[in-house]
Amino acid sequence: MSENQPSALITIFGATGDLANRKLFPSIYHLFKKDRLNPKFAVVGTARRELSTEEFHNQVKESILDHVGPEEELDEFISHFYYISLDVANTDEFSKLKSLIDQLDEHYHIGGNRIFYLAMAPQFFETIAESLYKKNLKSAFGFNRLIIEKPFGHDFASAKELNDHIRQAFDEEEIYRIDHYLGKEMVQNIEVIRFANAIFEPLWNNRFISNIQVTSSETLGVEDRGRYYEGSGALRDMVQNHMLQMVALLAMEPPIRLNTHEIRSEKVKVLRALRPITGNEIAKSFIRGQYDAGVSKEKAVIAYREEDHVDPNSNTETFVAGKLMIDNFRWAGVPFYIRTGKRLTEKSTKIVVQFKDIPMNLYLKTEETLNPNLLVIHIQPEEGITLHLNAKKAGQFMDATPIKLNFSNKSTDGMNTPEAYEKLLYDCLRGDATNFAHWDEVALSWTYIDPIAKAWEETKEPSFPNYQSGSMGPKKAIELLDKDGFHWWPVTDLDVENC
Ligand code: BG6
């Protein structure tokens with residue numbers, strides 16, 4: 001077996017669901033097309049619904065046609081897909097899954113390599129992991145890997161309970177906790193930008209950086225996920241995982257080696273150094289918002305409280321802005337501001353590193369000051385980096401004018417970068433867990449978030465809804481930076497096309 005073309009039997013729990021259809025089937029197909037999947041592979045879909053093999057094949061075909069486009073080689077690819085209907089709550093039913101995968105393992109000469117992908121509601125994670133173990137679905141030769149979708153718990157206590165259960169069936173090295181932001185090209189690029197360039201790393205500290213801003217804004221509302229979101233809110237849905245992961249990558253020390261263990265342990269140190277936010281500090285450092293009706297992408301949209309499965313008096317936040325402090329030598333005194341929300345002006349994820357002002361401004365004019373140097377990392381939808389500098393304005397006088405140096409991933413490569421899920425699946429196939437969350441990271445993130453989530457649950461926010469759909473969130477989020485003498489860099493102005 002080639003290390004870069006591993007053979008495996010992939011079992012997907014929740015194979016009739018949205019994630020399987022939108023992301024997993026197209027990703028497996030891309031890996032197949034790129035010869036990253038060994039021809040000795042099989043995919044077993046399971047879900048409660050009764051489906052014939054033919055019906056399942058049609059479903060996979062449709063998913064690929066919808067998300068990839070018309071393709072020629074589909075029949076050969078799809079012949080590797082099998083389906084079995086299963087009630088995951090009933091451990092006994094796992095025996096029939098075992099006989100199917102044992103048979104396929106032999107038929108395709110897979111060599112016992114198994115991936116179990118839990119693309120299901122979190123309440124089933126424990127039972128599935130336990131049944132896989134009890135009913136001997138883990139193979140004794142090859143590898144066994146368990147991929148788990150978020151949310152991994154609802155708070156530290158529930159995450160620990162879930163983890164303790166899963167660990168009875170799978171070792172930490174066998175568990176791949178998905179955070180799809182870690183599969184994004186430009187999130188992975190944070191490390192390279194920092195550690196492969198001599199010009200940034202010496203400046204990457206509290207002597208030269210004044211603040212860092214991470215914005216992940218969405219235009220969509222809660223869509224059909226009201227039931228889940230009511231119990232989650234933006235803090236648990238986005239901050240505990242994606243936002244804190246980006247902060248950890250931005251703030252970590254250079255690892256001594258670029259391997260899974262070293263990178264994860266540097267990220268863990270950042271999370272350990274986060275200054276806990278409790279008591280009175282919560283209202284000073286964290287702002288919550290909930291969207292009202294408004295106009296998004298030129299269409300009138302309803303308020304969060306009017307969405308399906310949402311309490312008309314809901315206290316759930318759809319927006320969070322926060323100020324994080326990292327108490328270590330490198331970052332003492334540098335605020336990391338994060339903000340994320342639904343129904344905002346633009347779909348955009350950006351990181352802005354703002355450098356300190358130069359000690360003396362020789363170019364001050366009556367009404368203008370020099371712009372600070374910014375390094376903008378465009379995570380999505382554009383992928384690239386922009387460096388904001390000052391240069392001489394063409395002409396007679398020595399005036400300064402802002403200029404921007406741009407790098408855009410798409411225009412350079414002339415192609416779309418692979419989807420996060422495709423990369424993460426391939427990582428898992430190769431046994432590379434770097435871009436998955438280790439238990440220690442999950443535990444520390446919950447520990448940080450828990451006091452804030454608890455305080456918000458216990459006190460109703462009287463101002464909800466407090467921002468209009470289509471805006472950039474509540475006023476208080478602006479004041480959060482104002483009082484420190486900073487302001488949010490507007491995401492639209494920073495777009496590569498506006499440079
Ligand atoms: C998911 C959240 O983890 O991330 C969603 O559950 C959110 O609520 C999504 O919409 C955002 O992901 P992306 O890749 O579109 O920024």
Side-chain angles (χ1 to χ4, degrees), residues 14 17-20 22-24 26-27 67 117-122 125 147-154 159 176-190 214-247 249 288-291 296-297 301 304 307-310 314 316-320 338-351 377-383 409 416-425 435-437 441-442 445-446 449 453 469 473 491 495:
D18 194 49
L19 180 73
R22 273 190 314 117
K23 304 283 182 190
L24 305 183
S27 298
H67 296 95
Y117 199 121
L118 309 193
M120 289 194 72
F125 293 169
I147 306 187
I148 308 188
E149 272 297 326
K150 63 173 276 249
F152 198 91
H154 183 73
Y176 288 69
R177 297 176 195 83
I178 289 253
D179 183 314
H180 77 283
Y181 267 56
L182 294 180
K184 290 186 190 284
E185 187 64 24
M186 289 307 294
V187 172
Q188 297 188 350
N189 215 332
I190 295 173
V214 185
T215 298
S216 191
S217 63
E218 297 186 71
T219 51
L220 289 181
V222 71
E223 307 299 290
D224 54 2
R225 295 162 76 221
R227 206 170 277 144
Y228 150 77
Y229 201 84
E230 271 288 89
S232 159
L235 191 66
R236 291 187 171 97
D237 187 49
M238 291 290 291
V239 179
Q240 181 269 334
N241 36 61
H242 313 320
M243 303 302 280
L244 288 184
Q245 283 289 340
M246 287 191 280
V247 168
L249 287 166
R288 53 179 158 163
Q290 189 191 74
Y291 63 82
S296 171
K297 300 263 155 205
V301 291
Y304 176 69
E307 302 273 14
D308 284 347
H309 307 297
V310 169
S314 176
T316 300
E317 78 286 351
T318 59
F319 174 97
V320 176
I338 55 162
R339 82 181 146 159
T340 181
K342 295 205 180 280
R343 284 275 186 251
L344 300 181
T345 322
E346 218 199 335
K347 169 81 183 161
S348 167
T349 304
K350 282 190 176 62
I351 294 165
I377 306 179
H378 309 265
I379 307 284
Q380 62 183 17
E382 315 160 299
E383 296 180 342
N409 228 4
N416 285 341
T417 50
E419 271 254 23
Y421 273 92
E422 180 187 332
K423 288 211 253 168
L424 293 175
L425 254 177
N435 292 313
F436 293 82
E441 297 170 61
V442 175
S445 314
W446 278 125
I449 291 300
S469 286
V491 284
D495 282 351

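The analysis underlying the following values was restricted to heavy atoms, covering all of them including side chains, and did not include hydrogens, waters or symmetry mates. For ligands, and for the atoms within them, numbers begin at 1 and follow the listed sequence.
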| field | Flag side-chain contact, heavy atom, 4.5 Å: T340 against V239 | value | yes

| message | The criterion is side chain to side chain contact (heavy atoms under 4.5 Å, CB included); which residues satisfy it with K347, sequence neighbours excluded? | response | E218, T219, Q380

| said: With no hydrogens and no angle check, just 3.5 Å: does a side-chain donor-acceptor pair link S27 and E419? | reply: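 The criterion, which ignores hydrogens and geometry beyond distance, is not satisfied for E419 and S27.
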
| query | Just checking, any donor-acceptor pair under 3.5 angstrom between side chains of K150 and Q240? | reply |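 Q240 and K150 do not have a side-chain donor-acceptor pair below 3.5 Å.
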
| query | Got the residues with a heavy atom under 4.0 Å of ligand 1, by chain and number? | reply |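 Protein residues near ligand 1 are K150, H180, Y181, K184, E218, R225, D237, M238, H242, K342, K347, Q380.
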
| query | What class does the angle between the rings of Y176 and F436 fall in, given that below 30° is parallel, 30 to 60° is tilted and above 60° is perpendicular? | reply |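 Taking F436 first and then Y176, their aromatic rings stand perpendicular (interplane angle over 60°).
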
| field | Test applied, side-chain contact (heavy atoms from CB on, under 4.5 Å); reference residue, Y304; option that passes from R343, K342, E317, Q290 | value |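 For Y304, the side-chain contact (heavy atoms from CB on, under 4.5 Å) check succeeds only for Q290.
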
